[in-house]
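See structure below.
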Amino acid sequence: MKHSLAPSALIEGDTVTAPGTTVGPGTWIRFGTSVSGSALAGGVFVGFRCRLDGARVASGCQIASLARIGRPDAAPVTIGAGAWIGARAVVEPGVHIAPGAVVAAGAHVVTDVPPDVIVVGRPARVLRRREVTEDEAPDFTATIERVRARGDAGRTPAPAHWTSDGGGFLDAALSGGPDVHLGAGVIAMGRPDGPSPHGGIRVDARVRIGAGSVLEGSGGIDIGPETDLGDGVLVVSSGHDLSLRSLPWQGGPVRIGAGVAIGAGATIVGPCRLGDGAVVAPGSVVVGDVPADGFTAGVISTPSGRGRDLPHP
């Protein structure tokens, strides 16, 4: 396979596109992702710190942060047009994901996925079919143009009274503190001039955000005092309306209370609220509310319609 990167593709810093990779026009690959031996058609979105090895990705596909697609020197993964791969999903070599399919956050896909179905779980199973209104294919050209036009993309400073171990990617409206500490390589994004006026990350006093964590605050993230996020935690405050073919953005604010402990490698997907003193076990996928002083491990969800009864991307 030749190595080719379209000039109109937006490939952010700390991204590796290894030999044998092709990236089509209008594709957006976010900070820290690795792509090798893969072919990405035009108009593909790939989130933060994903890894794609031997993937064949059709136009209009969207792959959320920390997803792992395929493995080196193994059978290729094929992903059909307009499919959506959720945050921290894992897709094993040789799997075919048909057009319009949705793989929920944290799912582990080991067999082929039919068109226009939603799969969840570890291993992934079919939850239901999508009931889709045929409006238009997913298109984020306007978003790419807005990001390109910003002179400070990826260079937002942390508040002066915070401390940081450095590295990572800060492109968020950050506020709060004092005594907030960011571990090495933290990624933070989300601003009130984005898709929601509530975008941004607001952090109270004496909060630790562990190394390698990713905070996607486009829909708003609020973190209470004396809360601890372990290493590699992913917090996502948005999702998509699965009832439309275009998969339009939806806000999903995340509210984390005081004294909450979130274990390493956990994934928190809004809309949700974690009450004061809640504990989230390492590696959990949380897609619903956790009561004050509650404990959760594995996957929880709160049905409320419009596709929000499943782990969101």
Consider only side-chain N and O atoms of His181 and Thr163, and report whether a donor and an acceptor are under 3.5 Å apart. yes
Side chains of Glu216 and Ser65, heavy atoms from C-beta outward: is any pair under 4.5 Å? yes
4.5 Å side-chain heavy-atom contact, Cys61 and Phe45: no
Ring-plane angle category for Phe169 and Phe48, please: parallel below 30°, perpendicular beyond 60°, tilted otherwise. tilted
Evaluate whether atom CZ of Arg68 has more than 12 neighbouring non-hydrogen atoms of other residues, nucleotides or ligands under 6.0 angstrom away. yes
Below 4.5 Å, heavy atoms only, C-beta onward: do Ile97 and Asp112 meet side chain to side chain? no
Could you tell me the separation between the CG atom of Leu170 and the OG atom of Ser164, rounded to the nearest 0.5 Å? 6.5 Å
Those residues that, when tested against Val110, pass side-chain contact (heavy atoms from CB on, under 4.5 Å) (two or more places apart): Glu92, His108, Pro123
After noting the C-alpha distance and the side-chain angles of Ser243 and Asp241, does the key distance pass the side-chain hydrogen bond (donor to acceptor under 3.5 Å, both in side chains) rule? CA-CA 5 Å; Ser243 69; Asp241 186 344; 2.6 Å; yes
Once the angle between the rings of Trp28 and Phe140 is folded into 0 to 90°, is it parallel (under 30°), tilted (30 to 60°) or perpendicular (over 60°)? tilted
Student check: side-chain heavy atoms of Leu40 and Val46 closer than 4.5 Å: yes
Using the side-chain hydrogen bond (donor to acceptor under 3.5 Å, both in side chains) rule, take His96 and Thr78 through it: C-alpha gap first, then chi angles, then the decisive distance, then the call. CA-CA 5 Å; His96 173 69; Thr78 58; 2.5 Å; yes
Ile256 and side chain to side chain contact (heavy atoms under 4.5 Å, CB included): which partner among Val207, Val203, Ile262? Ile262
Here the pair of heavy atoms bringing Ala58 nearest to Gly80 is CB-C, 3.7 Å
Side chains of Thr141 and Asp139, donor plus acceptor under 3.5 Å: yes
Are Asp228 and Ile209 close enough that some pair of their side-chain heavy atoms sits under 4.5 Å apart? no
Look at the side-chain heavy atoms of Ile, Leu, Val, Met, Phe, Trp and Tyr, link any pair under 4.5 Å apart, and say whether Leu127 and Val132 land in one connected group. no
Are the side chains of Ile118 and Leu242 in touch, meaning some heavy atoms are under 4.5 Å apart? yes
In short, Val77 meets Gly94 closest at the heavy-atom pair CG2-N, 4.2 Å
If you compare all heavy atoms of Ser218 against all heavy atoms of Ser196, which two are closest, and at what distance to 0.1 Å? O-CB, 3.6 Å
Is there side-chain contact between Thr17 and His3, with heavy atoms separated by less than 4.5 Å? yes
With the 4.5 Å side-chain cut-off for hydrophobic clustering, are Val57 and Val95 part of the same group? yes
If we ignore angles and hydrogens, is there a donor and acceptor under 3.5 Å between the side chains of Arg88 and Thr267? yes
Hey, does Val120 have a side-chain heavy atom less than 4.5 Å from the side chain of Val103? no
Is the number of heavy atoms from other residues, nucleotides or ligands under 6.0 Å of Glu131 CD greater than 12? no
Answer yes or no: does atom CZ of Arg273 have more than 12 heavy-atom neighbours from other residues, nucleotides or ligands under 6.0 Å? no
